[in-house]
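Take a look at the structure set out below.
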Amino acid sequence: MNLYKFVSNSINEKLGFDANLETPKNREFGDFATNAAMVMAKSAGKNPRELAGDLLPKISELDFVENASIAGPGFINIKIKDNFIWESADKKIEIKNPNPLTIDMDYGAYNVAKSLHIGHLRTSIVGDTFNRIAKFLGHNTISYNHIGDWGRSMGLVIAWIKKLHPDWPFFQDKFNSKLDYSKYYIPVQELDTYYPSAAELAKTDEEFMEQARVITAELQKGHAGYNALYNVFIPVSLKAMEDVIKKINIMPFDNTLGERNAAKYIEPVEKILREKHLLEKSDGAEIIVVKKDSDTAPMPPVMFYNSRGAVPYDATDIMALYYRKITDNPDKIIYLTDSRQKLHFEQLFRVAELTNLFPTENLEHIGYGTINGADGKPFKTRDGNAAGLNDIIEMVNNAARVRVLESGKKINNEITESIALAALKFNDLMHDLRSDYIFDPESVTSFEGRTGPYILYTAVRLNSVLKKSNVKTNNSKLVELSKDERNLLIGLLDFERTVQVAFDNRATDILANYVYDLCQLVNTFYHNCPILRDDVDEQIRAQRMKIVQIAFNTLSTVIDLMGLKIPNEM
RNA sequence: GCACCCGUGGCUUAACUGGAUAAAGCGCGGCCCUCCGAAGGCCGAGAUUACAAGUUCGACUCUUGUCGGGUGCACCA
């Protein structure tokens with residue numbers, strides 16, 4: 001159960017007003033504390049300690065309170081009865097959500113014909129965890145991988161293929177779209193090199209760039225040859241995406257619908273914009289002005305058609321909003337992208353409001369920081385290239401294999417990789433989403449201390465005790481709680497509140513830090529409180545087994561929310 | 001230029017709504033495997049929270065300024 005919530009509600013009811021309930025950093029002070037007396041002292045015209053003295057008897061009367069005392073400048077410290085803690089911890093976790101929302105979760109945003117790189121790590125891992133948390137809290141989520149499959153990069157890739165194979169039928173005047181073109185299949189390893197090569201060339205070769213722009217516009221207008229070619233290489237990219245999703249153990253997306261799908265709704269969206277007189281011609285393009293008089297920051301217009309008649313991502317994002325409106329009609333849309341796109345989403349949300357598609361309060365953009373190398377610049381591999389996601393995964397896998405080899409343990413490859421993945425994912429989840437963080441290969445692959453493997457190891461230990469013992473925990477009774485057992489139970493009872501706080505604050509680090517602290521409590525308990533040893537009293541053993549059971553259940557739940565798997569051994 | 005974000009031990013990070021003695025990990029100096037798994041536990045050294053004012057009973061947290069770093073500002077996504 002949610003102990004915090006229960007205690008808070010009980011105290012508020014007893015006192016007749018909402019007292020602020022805190023969990024003291026220093027456990028010595030008590031399980032909970034309230035600063036109500038200090039907050040109210042001024043308006044009451046009393047000194048805080050005196051006021052605390054008035055409140056104290058009421059709090060002490062509550063049946064779950066062991067004792068309450070006044071401390072420092074006027075804090076009321078509250079200690080909960082052991083028996084109450086014991087019974088509370090044993091209650092099943094049941095999340096009842098009185099107000100479940102339909103939430104579109106937009107993360108991933110993979111690109112076609114561009115292999116995934118380190119930048120996709122956070123959106124995938126964090127997005128997946130938010131999705132799992134939201135579901136856990138009873139919301140109805142629909143995840144979208146809004147893939148980049150319709151913009152300039154497509155034009156560049158096609159232009160590059162045209163340069164390599166000018167003789168291919170896709171580029172001929174008399175193109176027959178009814179034939180089978182599957183023999184022009186391009187392996188993913190090769191396809192992935194096209195975009196970087198083309199982008200590089202376009203930087204210096206203006207003619208090539210212009211060709212790509214024209215091709216982009218023609219593709220979007222339905223050019224038969226380009227579309228046939230596009231349909232040949234798209235599945236190759238989609239398959240590569242699926243492989244990565246499996247490899248990093250994130251849930252499959254409910255929808256892999258990107259710009260191309262959105263672009264189908266250009267007519268109804270354009271109609272809305274015209275009816276509301278929102279489109280303006282400017283330098284050959286058609287734009288939507290979203291600037292307000294109150295703006296102090298730069299607020300450029302939104303591009304609907306560029307001067308070549310193509311629809312850039314500003315436009316496809318509006319159409320995607322329309323698509324979601326007529327399909328899911330969600331209560332909320334949460335976008336998770338790099339924080340550099342902040343302005344883009346501010347613009348998009350203004351258009352949503354102007355068009356009455358969605359009110360701004362239903363739209364939310366979470367921007368995450370960059371993953372940097374030791375030099376503070378975006379992380380690169382040793383050869384100086386932007387690190388590919390597969391390279392990073394392989395690096396961590398190798399480190400895990402070395403670690404296993406050194407330990408002399410017999411651990412299979414599947415488990416080794418799941419340990420490596422835990423290291424990678426936990427490292428990502430534990431950092432404040434909004435800040436940049438430094439990706440240090442050495443510490444990520446060290447597997448000691450504050451790491452994913454530490455979390456898994458703790459769970460494996462608990463599970464090992466459970467597997468070895470045949471003690472039935474159904475009838476475990478409380479004999480006596482030692483300090484370590486008590487601290488652990490209190491920690492476990494904070495789980496429900498933590499998940500809620502993590503979701504409300506859109507902060508996976510709150511959950512990651514919680515589970516790490518919890519594991520520390522488990523390991524201290526494990527070290528100080530023998531369970532299966534012969535000299536342990538039978539009733540104490542049953543009590544501790546119960547605690548192990550509860551701790552393992554909670555730990556499993558959190559590990560699952562983080563998209564990790566507990567190995568059988570490690 | 002305008003706007004937004006960030007600055008906490010040697011390094012990487014915490015501190016939930018403004019609360020009590022700023023909490024961990026790595027690294028450093030020690031200790032603990034005859035004892036349920038040492039990817040573990042325990043002890044120690046290490047901090048003027050960039051700087052300067054202000055608000056408050058109380059500031060890492062809020063306000064203003066300074067310095068330092070990052071990011072964005074229509075035809076890439």
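Please read all numbers here as calculations on a predicted model, not as lab measurements. The basis for the numbers below is simple: all heavy atoms, side chains too, and nothing from hydrogens, waters or symmetry mates.
The distance from atom CZ of A:R533 to atom P of B:U34 is 13 Å, rounded to the nearest whole Å. The distance between atom CG of A:D517 and atom C1' of B:C16, rounded to the nearest whole Å, is 12 Å. The interatomic distance linking A:F29 (CZ) with B:A23 (P) rounds to 11 Å, in whole Å. Rounded to whole Å, atom C1' of B:C6 lies 15 Å from atom CG of A:L433. The distance between atom CZ of A:F32 and atom C1' of B:C16, rounded to the nearest whole Å, is 13 Å. To the nearest angstrom, C1' of B:A14 lies 10 Å from CG of A:D432. Following rounding to the nearest Å, A:L21 (CG) and B:G19 (P) show an atom-to-atom distance of 14 Å. Rounded to a whole Å, the CG atom of A:N20 is 18 Å from the P atom of B:C57.
Across B:U71, B:A3, B:A74, the shortest atom-to-atom separation from the side chain of A:R340 is found for B:U71. Of the candidate nucleotides B:A77, B:U12, B:G40, B:U12 has the atom lying nearest to any side-chain atom of A:I438. Taking the side chain of A:R450 as heavy atoms from C-beta on, and the options B:C75, B:G19, B:A24, the nearest nucleotide is B:A24. Out of B:A24, B:C73, B:A39, the shortest distance to the side chain of A:F447 is found at B:A39. Nearest to the side-chain atoms of A:K342 among the listed nucleotides B:A24, B:C4, B:A74 stands B:C4. Comparing atom distances between the A:T524 side chain and each of B:A77, B:A39, B:G41 picks out B:G41 as nearest. Checking B:G70, B:C16, B:A39 against every side-chain atom of A:K409, the shortest atom distance belongs to B:A39. With B:G19, B:A39, B:U13 as the candidates, the nucleotide lying closest to the side chain of A:R403 is B:A39. Closest to the side chain of A:H431, out of B:A39, B:A77, B:U12, is B:U12. Comparing atom distances between the A:N505 side chain and each of B:U17, B:U13, B:A74 picks out B:U17 as nearest.
In this structure the side chain of A:R122 reaches within 4.5 angstrom of the side chain of A:I371, judged on heavy atoms. Using a 4.5 Å heavy-atom cutoff, the side chains of A:R533 and A:V536 are in contact. With contacts defined as side-chain heavy-atom distances shorter than 4.5 Å, the pair A:L532/A:M545 qualifies. At a threshold of 4.5 Å between non-hydrogen side-chain atoms, the residues A:Y457 and A:I419 do not count as touching. No side-chain heavy atom of A:L336 sits less than 4.5 Å from a side-chain heavy atom of A:H365. Between A:S124 and A:Y107, the closest side-chain pair of non-hydrogen atoms is not below 4.5 Å.
Searching all strands for a Watson-Crick or G-U wobble partner of B:G54 with both distances below 3.5 Å returns B:C62. Applying the Watson-Crick and G-U wobble criteria (two distances, each under 3.5 Å), B:A22 pairs with nothing in any strand. Summarising the base pairing, B:G72 is matched to B:C2 through a Watson-Crick or G-U wobble pair whose two defining distances lie under 3.5 Å. Figure legend. B:G27 is base-paired to no nucleotide; pairs are counted as Watson-Crick or G-U wobble with both atom distances under 3.5 Å. Base pairing analysis places B:A39 opposite nothing; no Watson-Crick or G-U wobble pair with both distances below 3.5 Å involves it.
Nucleic acid contact for A:S446: none, since no nucleic acid atom lies under 4.0 Å from a heavy atom of the residue. The residue A:R434 sits apart from the nucleic acid: no heavy atom pair falls under 4.0 Å. Contacts of A:Y4 with the nucleic acid, taken as non-hydrogen atoms under 4.0 Å apart, include base atoms. Within the 4.0 angstrom heavy-atom criterion, only backbone atoms of the sugar-phosphate kind lie near A:Y516; the bases stay farther away. Here A:V536 lies out of heavy-atom contact (under 4.0 Å) with every strand. Base contact: A:I419 has a heavy atom under 4.0 Å from a base atom. Contact annotation for A:S307: base contact, defined as any heavy-atom pair under 4.0 Å involving a base atom. Within 4.0 Å of A:N77, counting heavy atoms only, lies at least one base atom of the nucleic acid. Nucleic acid contact class of A:I411 (heavy atoms, under 4.0 Å, all strands): base. Backbone-only contact: A:L343 has heavy atoms under 4.0 Å from sugar-phosphate atoms and none from a base. In this structure, A:A71 reaches the bases: a heavy-atom distance under 4.0 Å links it to at least one base atom across the strands shown.
Look at A:Q520 and you won't find any side-chain N or O under 4.0 angstrom from OP1 or OP2 of B:G41.
One can find a donor-acceptor pair under 3.5 Å joining the base of B:G19 and the side-chain atoms of A:N35. For B:U71, its base never sits under 3.5 Å from the side chain of A:Y368 at any donor and acceptor pair. Counting distance only, with no hydrogens placed and no angle test, the side-chain atoms of A:T451 and the base atoms of B:A39 include no donor-acceptor pair under 3.5 Å. Between the side chain of A:S339 and the base of B:C4, no donor-acceptor pair under 3.5 Å is found. Between the side chain of A:K25 and the base of B:A20, no donor-acceptor pair of N or O atoms lies under 3.5 Å.
Side chains of A:D317 and A:H344: a donor on one and an acceptor on the other come within 3.5 Å.
Atom CG of A:D293 has 12 or fewer neighbouring heavy atoms from other residues, nucleotides or ligands inside a 6.0 Å radius.
Nearest-nucleotide positions on RNA chain B place A:Y457 closer to the 5' end than the other of A:H527 and A:Y457.
Between A:Y516 and A:Y454, the two ring planes are tilted [angle within 30° to 60°].
Rounded to the nearest Å, the gap between the P atom of B:A20 and that of B:U49 is 14 Å. With both ends at atom P, the span from B:C33 to B:A38 equals 12 Å, rounded to whole Å.
Once the 5.5 Å centre distance and the 30° plane angle are applied, the aromatic ring of A:F75 is found stacked with the base of B:A20.
Heavy-atom distances under 4.0 Å link RNA chain B to A:P312, A:Y313 of residues 308-321 of chain A, given in residue order.
Of the residues A:D31, A:L21, A:I59, the one that meets the side chain to side chain contact (heavy atoms under 4.5 Å, CB included) test with A:V7 is A:L21.
Because its glycosidic torsion is within 90° of 0, B:C33 is reported here as syn.
Between A:F345 and A:Y335, the distance from one ring center to the other falls under 6.0 angstrom.
Considering only residues two or more places apart in sequence or on other chains, A:S69 meets the side chain to side chain donor-acceptor pair (under 3.5 Å) condition with none of them.
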